[in-house]
Asker: 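Questions regarding the structure given below will be posed in turn.
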Amino acid sequence: MNRLFWIAIAILGIGLILLLVNDSSGEVFGIANDDFGRFVYLGALVVVIGAGMLTRRVRLSDTLRQAALWLLLILVLVAGYQYRYELQDVVSRLTAGFVPGSPLSVTDSDGRISVTLEKAPNGHFEARMLINDTTIRAMVDTGATTTVLTAADAAAAGYDPKTLNYNVPIYTANGRAQAARITADRVAVGEIERERLPLLVAEAGMLGQSLLGMNFIGSLSGFDVRGDRMILRD
């Protein structure tokens, strides 16, 4: 009996993994995801009920009770998959509440990505963006033509500020400064990614915080501000 129950667990686990991996394609082994999901949980339920019927030592009432528990578990897993986007939204909102600047990414049924940024206590919108897989805390600046990194953030992302050529004039809160051109292999805000994006690195001490500029924001399909939230749409 126990072995058959573990088989049911394996069916559910493998089925769930296949559904998650093939979520974007919409099908598993040529079967639509919704149909494949039904096949998985019905198969597991058949194994559970069959296990009870084949084991004479277990009373019918015990078998029905165990089948009901497994049916409840299957329904929870199915509901979790069906509402995966909503659950992702809840988890992202909790993360954003605990970690300021954490982007909230949502992918709709058509595969379009939107990222929501919460306004920081200082009144500005901030984003924890990835530069070459290094997390950088940046302020969103729609007045900045290009995304600009502080010297410290550039060093954290793998660039040596001492070897850069600072020949681009920029204006910061500390006044006029010089910046160097670099190219990031990958820049990401939440699930929105751009490759080979040109950036600037400000001279050390001339920029208090990195800026997410219009060369990233302008590549989006759109963005808007709703109260304390900024929504980026890929």
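Below, each value reflects all heavy atoms present in this structure, side chains not excepted, and no hydrogens, waters or symmetry copies. We count residues from 1, following the sequence as given.
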Asker: Measuring from atom CZ of Phe223 to atom CZ of Arg233, what distance do you get when rounded to the nearest 0.5 angstrom?
Answerer: 11.0 Å
Asker: Taking atom CZ of Arg181 and atom CG of Leu200, what is their separation to the nearest 0.5 Å?
Answerer: 6.0 Å
Asker: Cluster question for you: counting only ILVMFWY and a side-chain heavy-atom cut-off of under 4.5 Å, with indirect links fine, are Ile182 and Phe216 together?
Answerer: yes
Asker: Do any N or O atoms from the side chain of Tyr166 and from the backbone of Pro161 form a donor-acceptor pair under 3.5 angstrom?
Answerer: yes
Asker: To the nearest 0.5 Å, what is the distance between OH (Tyr159) and CG (Asn132)?
Answerer: 4.0 Å
Asker: What I'd like to find out is whether the side chain of Asp141 reaches to under 4.5 Å of the side chain of Val148, using heavy atoms alone.
Answerer: no
Asker: Who are the side chain to side chain donor-acceptor pair (under 3.5 Å) partners of Asp234, not counting sequence neighbours?
Answerer: Arg194
Asker: After noting the C-alpha distance and the side-chain angles of Asn215 and Thr147, does the key distance pass the side-chain hydrogen bond (donor to acceptor under 3.5 Å, both in side chains) rule?
Answerer: CA-CA 7 Å; Asn215 67 326; Thr147 297; 3.0 Å; yes
Asker: Would you compute the distance between atom CG of Leu220 and atom CD1 of Ile231 and round it to the nearest 0.5 angstrom?
Answerer: 12.5 Å
Asker: To the nearest 0.5 Å, tell me how far Asp224 CG sits from Arg229 CZ.
Answerer: 12.0 Å
Asker: Do Met230 and Leu130 share a hydrophobic cluster, counting only Ile, Leu, Val, Met, Phe, Trp and Tyr and linking them when any side-chain heavy atoms are less than 4.5 Å apart?
Answerer: no
Asker: Run the side-chain donor-acceptor check on residues 204-212: report pairs under 3.5 Å with partners two or more places apart or on a different chain.
Answerer:
residue : atom : partner : partner atom : Å
Gln209  : NE2  : Glu126  : OE2          : 3.4
Ser210  : OG   : Thr150  : N            : 3.1
Ser210  : OG   : Asp153  : OD2          : 2.5

Asker: Would you please test Val140 and Leu232 for side chain to side chain contact (heavy atoms under 4.5 Å, CB included) and show each step?
Answerer: CA-CA 11 Å; Val140 179; Leu232 311 178; 6.0 Å; no
Asker: As a quick check of understanding, evaluate side chain to side chain contact (heavy atoms under 4.5 Å, CB included) for Thr145 and Met214, giving each step before the final call.
Answerer: CA-CA 5 Å; Thr145 304; Met214 287 303 295; 5.6 Å; no
Asker: When rounded to the nearest 0.5 angstrom, what distance separates CD1 in Ile170 from CD in Glu203?
Answerer: 8.0 Å
